[in-house]
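One structure is given here, and the rest of the page talks about it.
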Protein chains: 2
Amino acid sequence: MASSIHDLARHLNISIGTVSRALNGRADVNADTRQRVLEAARTLNYSPNQSGRSLRQGATHSIAFMLQPHPGDQQYGEPFFIPFLIGLQARLAESGLDLIVVMGAPGDYQQERLRRVVETRRADAVLLAWTRREDERIDYLTQTGFPFATLGRSRSGAKSYPSLDLDFEKAGADAVDRLVARGHRRIAAVRPSLDLNFGYLFLAGYRKALRRHGIEIDPELIASGFINEAGGYEVTPQVMRSKAPPTAIIFNNDAMALGGCKALAEMGIRPGHDMAVTVIVDTPLCRYFSPALTAFRPALEPMGQRLAEMLLASIPAFAGPEGPRILREVWPLELVARDSD
Amino acid sequence: MASSIHDLARHLNISIGTVSRALNGRADVNADTRQRVLEAARTLNYSPNQSGRSLRQGATHSIAFMLQPHPGDQQYGEPFFIPFLIGLQARLAESGLDLIVVMGAPGDYQQERLRRVVETRRADAVLLAWTRREDERIDYLTQTGFPFATLGRSRSGAKSYPSLDLDFEKAGADAVDRLVARGHRRIAAVRPSLDLNFGYLFLAGYRKALRRHGIEIDPELIASGFINEAGGYEVTPQVMRSKAPPTAIIFNNDAMALGGCKALAEMGIRPGHDMAVTVIVDTPLCRYFSPALTAFRPALEPMGQRLAEMLLASIPAFAGPEGPRILREVWPLELVARDSD
DNA sequence: CGTTTTTCCGTAAACGTTTACGAGAACACA
DNA sequence: TGTGTTCTCGTAAACGTTTACGGAAAAACG
């Protein structure tokens, strides 16, 4: 059914070696024969068998994005990832690489699936997201020497892998600055439980800014829950029950903000009127919520492209002769002022 | 670095054939040698090279889910898909298959990427979603004989492929019935443009139910736009400007509902008070929106599992000796009554 | 015209598996 | 003891590529 390189060779009465060289654009093949080979490839509808070339070359020409679920999260936080993946895939396609997204069941941390990808050599490199403070996936990969990069920083590993992250610390501080400038002094922070690194970074910025403004940090105004709607819904009442309730809340995430706003609504508190609300990572939800939520916007698609480049440079088989590998980059989040604060 | 079957053979002083047979659980191998092989595999940290076995067996042991973007949609409708994919992946894993998600750039209809997957034999079968009324992808696949299944129906193809769909027609009718029972007579419908099949089905049910209630269908109350927040936001004012504005709106999708509710809010119309709002496909957004949106809920995870089974049965290499292949199934959507109508 | 270089192509090995085939050894049976 | 059966394993081919190597023909050069 599917035509192989042998079919082409037989059809043209030349050897398979020549066919392969012609298709791969090698120099030592006559311009005329190459023409004929390419033409035959088109008419016979030939395209190379991936397993064959992977086996021979020891490279799969694909990279794996590990889509990691969190306990209590049925959505994988993907409204965030999709635009990122679009950029990633576009850049990879330029270099002839495929992007495969590897999913796991919620609750397992993919150590198993990651092992599987690495050991069966299903991809030439993997891309990790939602890095944790201490991330065993990173330890595993550095230890095995398998090429990888991360979306997000971590304290794990030899710090010698490419990573791209957003400046959550500055965003957290900027959010506080803005709220303080608008007269708020009691500002709450709702962040993910677990040791997701961006939660730490956000909180660090939040703390630093408060301290800079001479505002004492009230632990009662800091809450953490599942990084989804349910988490925000569950946890927001906690900060509202504090002895001196906040006049502003910063949510780490759009889903948590949605849940939090629901909890507020049930208490008769209207975001944008009775309570200032800020979200760190902007999504379409923030824009179309009523009131529209002030948020910090990442440049997701360019980030995807950039991380693709960084990843490519770290794969021996694809790294060009260019200079040194790019390592850590931290990109800014841009404030989008809307109606909720 | 990575150990191959040859390493095992050398280490145990037996032939690679025996090693392979032992690992694959064939009968013609001594129980003792099998034990030794499995042990050596563990200590030498062996796992089979995928490219090797794919090449030999002519099967990749993976199936491809084509994540198809729509023009104007940066989010791919994924809050819908993720739970589905979780179920799908779980069932596939049981049979030793990997799920790979193939993405494309928004705006292209993946005919190209689909070709690529099929022709390079990167997967043993593909899974299509967001089927269109006339779907060239289905035509292509039936024509080439490549195994596939679809999430959603279509008029294309020989109708001899497995498909699983939701009963959007009944949901549309049920939504109308419920609203009529609550006293509404002027009911609007906001659905996707393009010829996405579920948009047609929904509208068919809507029409049928209105007719059954003796309510004349007003074309001014039917609008279509991009299947995302922007689409709902843009299109909802249209139906509101009709000569006799609606007292209820049914949205085909959570994102469109979000955009639509924003448009309503800007007109000073409060969902649940001044306007009944119903959504066909339930998501966490519907639940945590204020007011919580009445919606029709699909059993996404079981659907994923079921479609995995249907797909498996259609792959010659994996189809068990069971009876006839399962073809079309239509699953119900369950009403979740909340506060918006 | 003889020698060297270049151009082009065929041969064959290799990547890591699986599996059809056959053969030796052990055993059962008459 | 001879014959047939069963158990176990080794041999080698095959899957579809890529590529190192060498060689024939053509071109260049003296």
Side-chain angles (χ1 to χ4, degrees), chain A residues 1-38 40-41 44-62 96 118-124 316-318, chain B residues 1-38 40-41 44-62 96 118-124 316-318:
Chain A
M1 165 113 287
S3 62
S4 80
I5 211 171
H6 290 91
D7 300 325
L8 290 192
R10 204 174 321 119
H11 182 253
L12 294 171
N13 246 337
I14 59 180
S15 79
I16 61 165
T18 306
V19 174
S20 176
R21 280 191 298 266
L23 291 172
N24 290 352
R26 298 199 106 73
D28 56 348
V29 49
N30 188 306
D32 180 54
T33 20
R34 158 165 303 131
Q35 204 54 41
R36 281 170 42 228
V37 168
L38 292 178
L44 291 195
N45 196 19
Y46 168 82
S47 61
N49 180 303
Q50 270 305 320
S51 308
R53 53 193 338 242
S54 295
L55 179 57
R56 170 61 218 234
Q57 301 189 332
T60 63
H61 298 274
S62 64
V118 169
E119 290 177 355
T120 62
R121 277 139 251 138
R122 259 195 180 275
D124 298 335
F318 298 99
Chain B
M1 164 115 285
S3 61
S4 79
I5 211 170
H6 290 92
D7 301 325
L8 290 192
R10 205 174 321 119
H11 183 253
L12 294 171
N13 246 337
I14 58 180
S15 79
I16 61 164
T18 306
V19 174
S20 176
R21 280 191 298 266
L23 292 172
N24 290 352
R26 296 200 106 72
D28 56 348
V29 48
N30 189 306
D32 178 54
T33 26
R34 159 165 301 131
Q35 204 54 41
R36 281 171 43 229
V37 168
L38 292 178
L44 292 195
N45 196 20
Y46 168 81
S47 62
N49 180 303
Q50 270 304 321
S51 308
R53 56 197 331 246
S54 295
L55 178 57
R56 170 61 218 233
Q57 305 195 123
T60 63
H61 298 274
S62 63
V118 170
E119 290 177 355
T120 63
R121 278 139 249 137
R122 259 195 179 277
D124 297 334
F318 298 99

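Numbered from 1 within each chain, the chains take letters A, B, ... in sequence-line order. Both backbone and side-chain heavy atoms feed into the values below; hydrogens, waters and symmetry mates do not. Computed from a prediction, not measured in an experiment: that's the story for all the values here.
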Checklist line | Pairing residues for His61(B) by the side chain to side chain donor-acceptor pair (under 3.5 Å) criterion, not counting sequence neighbours | finding: Gln57(B)
Notebook entry, point to check: Between Leu44(B) and Ser3(B), which heavy-atom pair has the shortest distance, and what is it?
Noted result: O-OG, 3.1 Å
Notebook entry, point to check: Shortest non-hydrogen contact from Asn24(B) to Arg53(B)?
Noted result: OD1-NH2, 4.5 Å
In whole angstrom, give the distance that lies between atom [atom1] of [X] and atom [atom2] of [N].
| X | N | atom1 | atom2 | answer |
| --- | --- | --- | --- | --- |
| Leu8(B) | dC9(D) | CG | C1' | 16 Å |
| Asn30(A) | dC9(C) | CG | C1' | 10 Å |
| Gln35(A) | dC8(C) | CD | P | 14 Å |

Note to self: Using modelled atom types and a 3.5 Å cut-off, is there a donor and acceptor pairing between side-chain atoms of Thr60(B) and backbone atoms of Asp124(B)?
What the structure shows: yes
Notebook entry, point to check: Counting N and O atoms only, with roles assigned by atom type, does the side chain of Arg34(B) sit under 3.5 Å from a partner on the main chain of Asp32(B), one being a donor and the other an acceptor?
Noted result: no
Next item on the list: Let me have a per-nucleotide readout for nucleotides 15-28 of chain D, 5' to 3', with B, S or -, counting only protein heavy atoms under 4.0 Å.
Entry: BBBBBB--------
Notebook entry, point to check: How is Thr33(B) classified with respect to the nucleic acid when contacts are heavy atoms under 4.0 Å: base, sugar-phosphate, or nothing?
Noted result: sugar-phosphate
Item checked: Which residues share a side chain to side chain contact (heavy atoms under 4.5 Å, CB included) with Thr120(B), sequence neighbours left out -> Ser47(A), Gln50(A), Arg122(B)
